[in-house]
Structure formats: structure tokens, C-alpha cells
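Down below is the structure, laid out as C-alpha cells.
Lettering of chains follows the sequences in order, A, B, ..., and the numbering in each one begins at 1. Remember, predicted model here, so these are calculated numbers, not experimental data. Atoms considered below: every heavy atom in the structure, side chains included; atoms not considered: hydrogens, waters and symmetry mates.
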Number of protein chains: 2
Amino acid sequence: MTFTYPYPHPAVTVDAVVFGFDESDLKVLLIQRSQEPFKDRWALPGGFVEINEDLETAARRELQEETGISRLFLEQLYTFGSPNRDPRERVISVAYYALVKLIDHHIQAASDAMNVAWFPLTDLPPLAFDHEHVLEVACKRLKGKIRYEPIGFELLPEKFPLSELQRLYETVLEKPLDKRNFRKKILSMDFLIDTQEIQQDVAHRAAKLYRFDPQAYQRLRDQGLNFEI
Amino acid sequence: MTFTYPYPHPAVTVDAVVFGFDESDLKVLLIQRSQEPFKDRWALPGGFVEINEDLETAARRELQEETGISRLFLEQLYTFGSPNRDPRERVISVAYYALVKLIDHHIQAASDAMNVAWFPLTDLPPLAFDHEHVLEVACKRLKGKIRYEPIGFELLPEKFPLSELQRLYETVLEKPLDKRNFRKKILSMDFLIDTQEIQQDVAHRAAKLYRFDPQAYQRLRDQGLNFEI
DNA sequence: TCAAAAGTGTTAACCATACACCCATGC
DNA sequence: GCATGGGTGTATGGTTAACACTTTTGA
């Protein structure tokens, strides 16, 4: 079956930059291409948008299909459309970025023939297409957005110690933060709940575990609070 | 001539939300559709992306063709792709927003059969497609971005009094600002140049005219200045 | 001389920053 | 008992916010 149009139409894809955070590393999820073009190169997960499918739905479907990940924070990033991005035909790609809690989401390749893996941002392989550029734009967005919206919690487990939150911010923002000031600030905002639990199996004093309360955040937001780190 | 593909491709358009500022009103540029669908309704300027054309280039071309406006601040806004945005076929629209200096840009309809006009944001006609939604997203972006990037100057004439700049900020942010604090803050940033000229033909004390110096801004930026109103 | 907008400083409250030691735990 | 990270308070300087009157000009 073929589809014909009176004037040429580009293909439209979605690509996703999926970030994960692990101890002290920001990581990104890549899949290894099994076909030309760029066979064997690593690439952002993604694929063609179906003709009756919403863009975000397409991004979620592709992630589910290629990596097994579902139910994650996903937001549109930018649309890339230079004429020669793809050697096969004109392809316009609507890129999304996503944040996942690494421990909750065990990735699985779509098939044995396909590789899926997390790569630290500091040690990436060469990427297919213009995906290095897409990734760069995603990093900038994350770095900008994490400072004034509480999206960092999407990268942490449900319950986390403050030190881990601080490490996350230090990693993303690429600068050290003062421990006392960081705690003072984040706790003063009153949307972290002390779970009354503490770390288990650590070789030092166990830290309290906190939980982000989105309702409380929303309430404070409505009252004019401005989140900022 | 027709174009055929092994699987269906959506059409891709660009749409532009062009903002202008005039005395005390934020305005948006609309064109009246001369054809179905939505014949006679007002809509955002835009049109189909050509098959070998960059997205931003397409947006600029459409603006030039439909309204005569060129050389303006233009930035990608968001990509809208719900399956039923357009009754004819699947259309994915990459929206841009633009800022122009009203007095420099005299608009002209593409043909006598076509209407082009500025509408105050506070008094808009019903719009075609999902353009009301697009416009809303553009307003939010402008409101967010004007606070921490010096894009407001794109809406003012080359030389302007501080009171006009303040009025612009008050209009976009929808809140009054303190005159003394506003002047202190903006002048302390050292990227406004006193042109040594004053207003002409005003029925009161003439104000000094200032000019935004992008080079100075860039220099300060590199030194770590953070613009914020 | 009146109307209309331009221009100008000070104070008090708040917020950001810098900084160092004791505590709890497991090995 | 030591190594590891957890947890805590204060003082200082800078930034923001609130606030009202005089000046200039043209009509």
C-alpha cells in the first residue's frame, strides 16, 4: 500500500532524551541501531509518528516498544528539521526529554538483536544522525529547568536523603553547593516530607529519608511561592 | 505531479505568533483566511514547509509572503500535533513566536483579497484551527522569557524612554512595577546607552531616550551578569 | 497656572553567602 | 577507635521593596 499527496510531505519522527541519575552520574538511555543508516551506532530512542497518533503518545509508545519504559516524566524539547538530518528522506524530528527514577525502571531491549544501555553523559559513544546536537539541547534545558521547577525529584527514588538531592543538583548544574545553605533552602520551602524512615545498610550514620509532596508544592505555588535553587 | 510513500506522512506547517507593542497594548498579527477551512476567520500567519527548506526559513518566508515582514526576532515555540487539528489531513505545526518593532514594520497584505491586521491581545476575534491555544502558549512563553532575557527591546523602537520600557514590562507581566526601583535596576545593568536625545513633541517634560546595547549586554553576560526583572 | 509625565534617595526587611564542628554508625 | 557521611547556626553584606516630592514642559 502506498500513500500519495499532491505535494511532497516530510516524514515525522519523535526522539527522546531519557535522563537517569545514579549515585553520582547523570546518564542517558541509548539504543544501538540494527539497521542502516548508521547501523551499529548508538542513537536516541525514537521512531516514526503514526498518522493518527498524538506526538507525545508516539514518544511514549516508542519508548515502551524500544526500551520497556513507561510512566515517566516527558516533556517536549524542540523540533529539529534541517533538510539533511537523515540521508534517506526529509525527516522532521520532534524531540522530547524524559526523566526516570533509575531503580524503578529496568530497561529491556526490544529484542535480543537490539542493544539498550545507559551511558554517563561524561562518556558517550559517537551518536547517529544529529543526536549529539539534540542531546546538547536537552542538557541545556535540564540544566535551566531544574533550577526553577521541581523536576529533579523525577530522577530520584520515591524516598531519598537530602545529600542525594544535593548531589543531583551539583551534577546537573556542574557546580558545588554549600550543604547547610542547600538544606536550609530546600527544607524552608515546605514541600519535602520527612518520611520518618532512615537509610538502611550504610556504613555510617543513616540519613533521614524525605519524599517530595506534589500537592504541597502545588498549594504553595498557588500562594505565589517561586521555586528556585 | 504526486508524491508517494510506503506509509502515510503528515503535512508539516509553520505558524508564527508575531507580537508588537504599541503605546500600551500588546498586539498580535493575524491574517484573515480567504479559503476553506475556516474561510473568513482570522488565523496566525503560516503555511506549509517546503520539502528542502529549514523550519525557521519556512517561518520567515511565510511571514514575508503573507505580511511583508522580514528581519525580525524569531524563535521556535512548540510543535502542535494533535491528530485532528486540521479537518483536511493530518497536519503537524511547528509554531514560532516573533517580536517586532511596530513602527519599523509596516505590514502589507499579500494581495488585495487578503486581510492582515494587528489585534490587541485583550480584544481578539475567534481564531481558526487551534490557534487560540497556540497563542496562549506563546503568551506564556513571552511572559516567562521577558523576565530573564533582554528580548523586550525587540518590541520597542531603537530609541525609547524608560517609561515606555516600564510600560512594556507592566503590560507583558500584567502587574505594576515601582518606577524608581525599575529605573535603578535597569540602569544599574549598564547595557542601556543614553543617546543624549530627548522626546520631541510631547505635551510635558521630554524624557531622555535610551538605546539597548547588545554588545555591552553580551560582555556583561560573559562576565556572569544575570539579567532579571 | 495647570496638567502630565520625568526624574530622583533613603530606609528597613529580607535573603544569600560563607564558614566549622560534633554526631551516629558500622567496620 | 576510626572512617564516613549526617546534621546543625550565626554573622555579614548585598539585594529588594516600600515610599513622595520636585522638575520640566506645553497647552
Side-chain angles (χ1 to χ4, degrees), chain A residues 21-25 146-148 156-157 159-171 173-211 220 223-229, chain B residues 21-25 146-148 156-157 159-171 173-211 220 223-229:
Chain A
F21 182 70
D22 163 16
E23 311 279 320
S24 56
D25 258 345
I146 205 173
R147 290 195 48 215
Y148 60 91
L156 295 180
K159 300 169 185 175
F160 53 84
L162 290 186
S163 57
E164 205 171 322
L165 184 63
Q166 183 178 344
R167 228 179 354 262
L168 168 62
Y169 272 91
E170 290 178 329
T171 305
L173 300 178
E174 296 177 284
K175 70 176 178 196
L177 299 171
D178 179 86
K179 182 163 62 154
R180 278 178 289 191
N181 293 337
F182 181 81
R183 287 167 167 258
K184 217 183 315 169
K185 189 158 190 174
I186 202 99
L187 287 178
S188 75
M189 290 193 230
D190 281 330
F191 52 61
L192 288 192
I193 293 175
D194 182 345
T195 63
Q196 310 285 2
E197 295 172 53
I198 57 170
Q199 284 179 314
Q200 301 296 323
D201 304 318
V202 286
H204 52 77
R205 176 173 175 180
K208 288 188 186 180
L209 298 178
Y210 290 85
R211 179 163 68 71
L220 293 161
Q223 287 162 35
L225 170 101
N226 248 27
F227 177 83
E228 190 181 336
I229 294 290
Chain B
F21 182 70
D22 163 17
E23 310 280 317
S24 56
D25 258 344
I146 204 173
R147 290 194 48 216
Y148 60 90
L156 296 180
K159 299 169 186 176
F160 52 86
L162 290 186
S163 57
E164 205 172 322
L165 183 63
Q166 183 177 345
R167 228 179 353 264
L168 168 62
Y169 272 90
E170 290 178 328
T171 306
L173 300 178
E174 297 177 283
K175 69 175 181 198
L177 299 170
D178 179 87
K179 181 162 63 154
R180 278 177 289 188
N181 292 338
F182 181 82
R183 286 164 169 259
K184 218 183 312 169
K185 191 160 189 173
I186 202 97
L187 287 178
S188 75
M189 290 194 233
D190 281 330
F191 51 62
L192 289 192
I193 293 174
D194 181 347
T195 63
Q196 311 286 2
E197 296 172 53
I198 57 170
Q199 284 179 313
Q200 301 297 322
D201 305 316
V202 285
H204 53 77
R205 176 172 174 181
K208 288 187 187 181
L209 298 178
Y210 290 86
R211 179 163 69 73
L220 293 161
Q223 287 160 35
L225 171 102
N226 248 29
F227 178 83
E228 189 180 337
I229 294 290

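- Rounded to whole Å, the distance from CG on B:Leu177 to P on D:dT16 is 14 Å.
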- [ ] Report, as a single string ordered 5' to 3', how protein heavy atoms within less than 4.0 Å touch nucleotides 3-12 of chain D: B base, S sugar-phosphate only, - not at all.
- [x] -BBBBBBB--
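- Between B:Ile229 atom CD1 and D:dT16 atom P the separation is 10 Å, expressed in whole Å.
- Partners of B:Gln166 under the side-chain hydrogen bond (donor to acceptor under 3.5 Å, both in side chains) rule, at least two apart in sequence or in another chain, are B:Glu170.
- The shortest side-chain heavy-atom distance between A:Ile146 and A:Ile229 does not fall under the 4.5 Å cut-off.
- Of all nucleotides in DNA chain C, those with any atom nearer than 4.0 Å to a heavy atom of chain A start and finish, going 5' to 3', at C:dA16 to C:dG26.
- For A:Asp22, the side-chain hydrogen bond (donor to acceptor under 3.5 Å, both in side chains) partners two or more places apart in sequence, or in a different chain, are A:Lys27.
- The side-chain heavy atoms of A:Leu165 and A:Phe182, taken from C-beta on, include a pair separated by under 4.5 Å.
- With a 4.5 Å cut-off on side-chain heavy atoms, A:Phe160 and A:Leu192 count as touching.
- Legend: residues meeting side-chain hydrogen bond (donor to acceptor under 3.5 Å, both in side chains) with A:Arg147, ordered by chain and number and at least two apart, are A:Glu228.
- Here salt bridge (Lys or Arg N to Asp or Glu O under 4.0 Å) pairs that include residues 174-192 of chain A, with residues two or more places apart or in two chains, are A:Lys143-A:Glu174.
- Looking at heavy atoms from C-beta onward, B:Arg211 lies out of side-chain contact with B:Glu197 at the 4.5 angstrom threshold.
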